Amino acid sequence: LHGGGIMGNTQQELLERYERWLRVHRGNSESTIYVMTRYTMKFLEWLKNKNVSVENIDQEVIDEYIQYCHNKYEHNTMVALTANLRKLCCCFLNKDIKIKVAKVSAPKRDKTPLTKEEVKRMFMASANIMEEVILKTLYYTGMRQKELRNLDISDIDFERLQIRVRYGKRDKYRVVNIAEDGIKTIA
């Protein structure tokens, strides 16, 4: 930013150092790092437009930025945005600033379970066998989309009706059960 600064000569250098810090010191996943660096880029751009250097970030600047974001973003976006702002300012830049991380609010949606007939119709609506396999695997196991994309056929234990999830959330390993109907469709 302006005239060098405590973290580097440019916004790009600051971003690169922050990205490396998220990866090495925080152990964040690549998808989290991607999101956090995007939020940081927006924050740095806002600072630049306000003619504020990184060195001059204080409570007043943070409060003004959070107010600006509240007027621009939805509540659940503010959760990730404020969490990143805290990581960046308090942990990475070692600023003595209070940043209250917004709380996640669950969307209000109908949580009535599907009937057996509705589930059957959902599976029958599949355009091809691959769609049916995907639907049944997600439905019967509760796996996340990313977990399904990383699934390998060797992860499936057809005899025990189980699937090994090797790259789950935060790269955790777990085993999930799958109904016999789901296994038959995969096979």
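Predicted model only: the values in this text are computed from it and were never measured.
- Follow the hydrophobic side-chain contacts under 4.5 Å out from Y139 and you never reach M124; the two are in separate clusters.
- The hydrophobic clustering, which links ILVMFWY residues whose side-chain heavy atoms are closer than 4.5 Å, places Y173 and I156 apart.
- Annotation for S154 and D152: closest pair OG-OD2, 2.8 Å, computed over non-hydrogen atoms.
- Distance OH/Y68 to CG/N49: 8.0 Å, rounded to 0.5 Å.
- Between Y18 and K87, the closest heavy-atom pair is OH-CB, 3.5 Å.
- Proximity of a side-chain donor or acceptor of N84 to a complementary backbone N or O of A80 within less than 3.5 Å is not detected.
- Contact detail for N150 and D155: the closest heavy-atom pair is O-OD2, 4.2 Å.
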*Report the C-alpha distance between E19 and R23 in whole Å, list the side-chain angles of each, state the deciding distance to 0.1 Å, and finish with yes or no for salt bridge (Lys or Arg N to Asp or Glu O under 4.0 Å).*
CA-CA 6 Å; E19 184 177 324; R23 186 175 291 111; 3.3 Å; yes

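- The cluster map of Ile, Leu, Val, Met, Phe, Trp and Tyr, joined by side-chain heavy atoms under 4.5 Å apart, puts Y140 and F158 in the same cluster.
- For the residue pair S53 and E55, a side-chain donor N or O sits within less than 3.5 Å of a side-chain acceptor on the partner.
- With respect to the salt-bridge test (charged N to carboxylate O, under 4.0 angstrom), the residues K184 and E180 qualify.
- Follow the hydrophobic side-chain contacts under 4.5 Å out from L15 and you never reach V24; the two are in separate clusters.
- Across every non-hydrogen atom of S31 and K146, the tightest pair is OG-NZ, 4.4 Å.
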_Apply side-chain contact (heavy atoms from CB on, under 4.5 Å) to residues T137 and I163 and explain how you reach the verdict._
CA-CA 10 Å; T137 303; I163 297 178; 4.2 Å; yes

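- By the neighbour-count criterion of 12 heavy atoms within 6.0 Å, atom CZ of R160 is sparsely surrounded, having that number or fewer from other residues, nucleotides or ligands.
- A distance of 11.5 Å separates OG1 of T40 from CD1 of I33, quoted to the nearest 0.5 Å.
- When every heavy atom of M78 is checked against every heavy atom of T82, the shortest pair comes out as O-OG1, 2.7 Å.
- Contact record, N56 with K95: N-NZ, 4.3 Å, taken as the closest heavy-atom pair.
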*Apply the test salt bridge (Lys or Arg N to Asp or Glu O under 4.0 Å) to residues R20 and E16: give CA-CA distance (whole Å), side-chain angles for both, the deciding distance (0.1 Å), then the verdict.*
CA-CA 6 Å; R20 186 172 53 249; E16 287 170 5; 6.0 Å; no

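- A continuous path of Ile, Leu, Val, Met, Phe, Trp and Tyr side chains, each step under 4.5 Å between heavy atoms, connects M122 with I129, placing both in one hydrophobic cluster.
- Put simply, the side chain of E131 gets close to the backbone of A127: a donor and an acceptor are under 3.5 Å apart.
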